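All figures in this text were calculated on a predicted structure; none of them were measured in a lab. By convention in this document, chain letters (A, B, ...) are assigned in the order of the sequence lines, proteins followed by strands, and residues within each chain are numbered from 1.
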There are 2 protein chains.
Amino acid sequence: MAPKMTTSSYAVLALLDLKPWTGYELTQQAQRSLRYAWPKSARLLYSEPKKLVERGYATTYKEQSGNRSRNVYEITSEGRIALEEWTETRTQPPRMELEALLRLLFADHGSIEDLYRALDELEADIGEHHQAIVDLMASYLDGGHPFPHRTHLSVLFATFQIDMFKTIERWIEFARDEIAEWETTKDLGMTARTETLTRLLANDQTPLSD
Amino acid sequence: MAPKMTTSSYAVLALLDLKPWTGYELTQQAQRSLRYAWPKSARLLYSEPKKLVERGYATTYKEQSGNRSRNVYEITSEGRIALEEWTETRTQPPRMELEALLRLLFADHGSIEDLYRALDELEADIGEHHQAIVDLMASYLDGGHPFPHRTHLSVLFATFQIDMFKTIERWIEFARDEIAEWETTKDLGMTARTETLTRLLANDQTPLSD
DNA sequence: TTGACTTTACTGCATCGTGCAGTATATGGT
DNA sequence: ACCATATACTGCACGATGCAGTAAAGTCAA
């Protein structure tokens with residue numbers, strides 16, 4: 001039986017359409033460019049191209065360099081057709097895992113310090129990604145895009161990322177100010193501040209975005 | 001061997017600390033309240049409380065109603081201690097799967113219509129969640145929170161959600177305007193508009209958030 | 001030039017998590 | 001009385017991850 005095509009399979013196939021890659025290069029490239037839209041483990045990125053070969057969507061050969069070999073994968077014309085067909089299929093709903101937010105929801109099991117720390121860790125992770133994308137944009141102006149004809153897509157994508165990261169960073173600031181008013185994480189319930197905030201939210205407004 | 005405690009285990013344990021739940025109720029509650037921070041399948045939500053019982057963090061009994069039985073789970077004092085210890089551990093980095101963004105990145109394999117459709121689908125999914133949270137806030141003002149002493153946490157969490165959803169919706173509008181200027185998805189590269197946008201982003205600004 | 005450390009370049013395996021099918025009772029409406 | 005829908009799960013196949021293990025190539029310093 002031909003292996004099932006998952007979204008990850010199409011992601012790898014789309015990369016192969018840009019140029020042939022080795023398995024290792026695919027793991028690196030997926031870390032750099034796909035991570036923000038479709039974060040997948042290196043292990044999977046090594047397995048996917050093999051499935052594509054089985055399906056006839058890619059071919060492979062071993063490249064020798066000294067005593068060392070690596071697998072190079074190349075897309076086939078069947079693979080290109082499969083990619084085009086993919087664009088017509090239904091998109092999966094978004095899915096966001098934010099453990100820091102889970103810890104906020106259940107912050108009453110720990111101290112205020114624990115909650116601050118969860119926010120700090122979120123801020124550090126987001127800040128790293130944020131900086132990486134800003135640097136990437138500077139490199140597009142400077143050295144250019146590795147696949148120049150695709151710049152319009154990468155930049156529109158980056159707009160999303162930076163927008164999102166800024167929103168999260170602004171919320172973290174707001175959350176810290178809010179928590180600074182608490183002397184405990186527990187049993188505060190509907191305080192005056194929280195009620196004001198709830199009214200705003202019930203009206204589809206937020207203290208930050210409007 | 002005692003089963004390993006995952007973040008999902010602690011999420012369920014935290015729910016059990018609010019009140020005893022049946023397996024089915026846990027799946028419903030996780031859909032309603034945890035979904036936005038920690039989306040997990042119903043299947044997992046049925047398995048987790050069993051592991052908690054094995055660990056001694058919960059007890060279980062079968063409740064009979066007629067010819068029908070259901071498993072009720074209750075937290076133990078060991079479970080409460082484990083929860084407190086969890087708040088001191090390191091938070092996992094965020095992880096966002098947005099297939100719509102992946103399709104934007106590789107939009108040059110399909111038509112402009114395909115790309116608009118991916119954006120429409122994202123907008124529909126986000127819009128649904130957005131509305132659900134706004135309604136939830138209205139219900140807090142109206143009937144109140146099911147666990148009133150935790151309102152301050154839920155509302156701060158909701159601020160994050162609504163903020164995020166608004167950001168995504170605004171970006172979708174922007175992306176549509178941008179794409180409206182294209183006659184094709186392919187090979188546009190660094191257009192004048194894209195260059196302006198890249199300069200903005202490289203300066204850590206976006207056309208939306210500032 | 002030898003040794004230590006990092007990077008490249010993977011594979012196998014155990015385990016985690018998801019989707020789906022299947023089973024069976026209860027409930028509300030026509 | 002019948003049908004749809006909600007309740008209340010379990011088993012199983014398979015997808016995805018993490019980690020350990022293997023091994024060659026590059027790099028820098030004593």
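Among the nucleotides C:dG17, D:dT7, C:dC10, the one closest to any side-chain atom of A:Thr22 is C:dC10. Checking C:dG12, D:dT10, C:dT18 against every side-chain atom of A:Arg43, the shortest atom distance belongs to C:dG12. Each of C:dA9, D:dG15, D:dT7 was ranked by its minimum atom distance to the side chain of A:Thr6; first place goes to D:dG15.
Distance B:Gln28 CD to D:dC9 C1': 12 Å, rounded to the nearest Å. The interatomic distance linking B:Arg68 (CZ) with D:dT5 (P) rounds to 17 Å, in whole Å. Across the protein-nucleic acid pair, B:Tyr10 atom OH and C:dC16 atom P stand 14 Å apart, rounded to whole Å. Regarding A:Lys62, its NZ atom lies at a distance of 13 Å from the P atom of C:dA9, rounded to whole Å. The nearest whole Å value for the distance from the NZ atom in A:Lys40 to the C1' atom in C:dT18 is 11 Å. Across the protein-nucleic acid pair, A:Gln64 atom CD and C:dC10 atom P stand 11 Å apart, rounded to whole Å. Residue B:Gln92 contributes atom CD, which lies 9 Å from atom P of D:dG18 at whole-angstrom precision. Following rounding to the nearest Å, B:Leu44 (CG) and D:dA16 (P) show an atom-to-atom distance of 16 Å.
With hydrogens and angles left out, the side chain of B:Arg70 and the base of D:dT7 share no donor-acceptor pair within 3.5 Å.
Along DNA chain D, the nucleotide nearest to B:Asn71 and the one nearest to B:Glu97 differ in position, and the one closer to the 5' end is contacted by B:Asn71. Between B:Val72 and A:Lys51, the one whose closest nucleotide on DNA chain D sits nearer the 5' end is B:Val72.
Using a 4.0 Å heavy-atom criterion, one finds that A:Glu48 contacts the sugar-phosphate atoms exclusively. B:Ser47 comes within 4.0 angstrom of nothing in the nucleic acid, heavy atoms only. When heavy atoms are screened at a 4.0 angstrom cut-off, A:Thr27 is found touching no nucleic acid atom at all.
Taking side-chain N and O atoms only, B:Lys50 has a distance below 4.0 Å to OP1 or OP2 of D:dT10. Contact check, A:Tyr24 against C:dC10: no side-chain N or O comes under 4.0 Å of OP1 or OP2.
No side-chain donor from either of B:Ser69 and B:Gln64 sits under 3.5 Å from a side-chain acceptor of the other. Side-chain polar atoms of A:Asp163 and B:Thr206 form a donor-acceptor pair below 3.5 angstrom.
Side chain of B:Arg199 to backbone of B:Thr194: no donor-acceptor contact under 3.5 angstrom is found.
We find that A:Glu121 and A:Arg103 are not joined by a salt bridge, their nearest charged nitrogen and carboxylate oxygen being 4.0 Å or further apart. Salt bridge status for A:Asp120 with A:Arg117: absent, with no side-chain N to carboxylate O gap under 4.0 Å.
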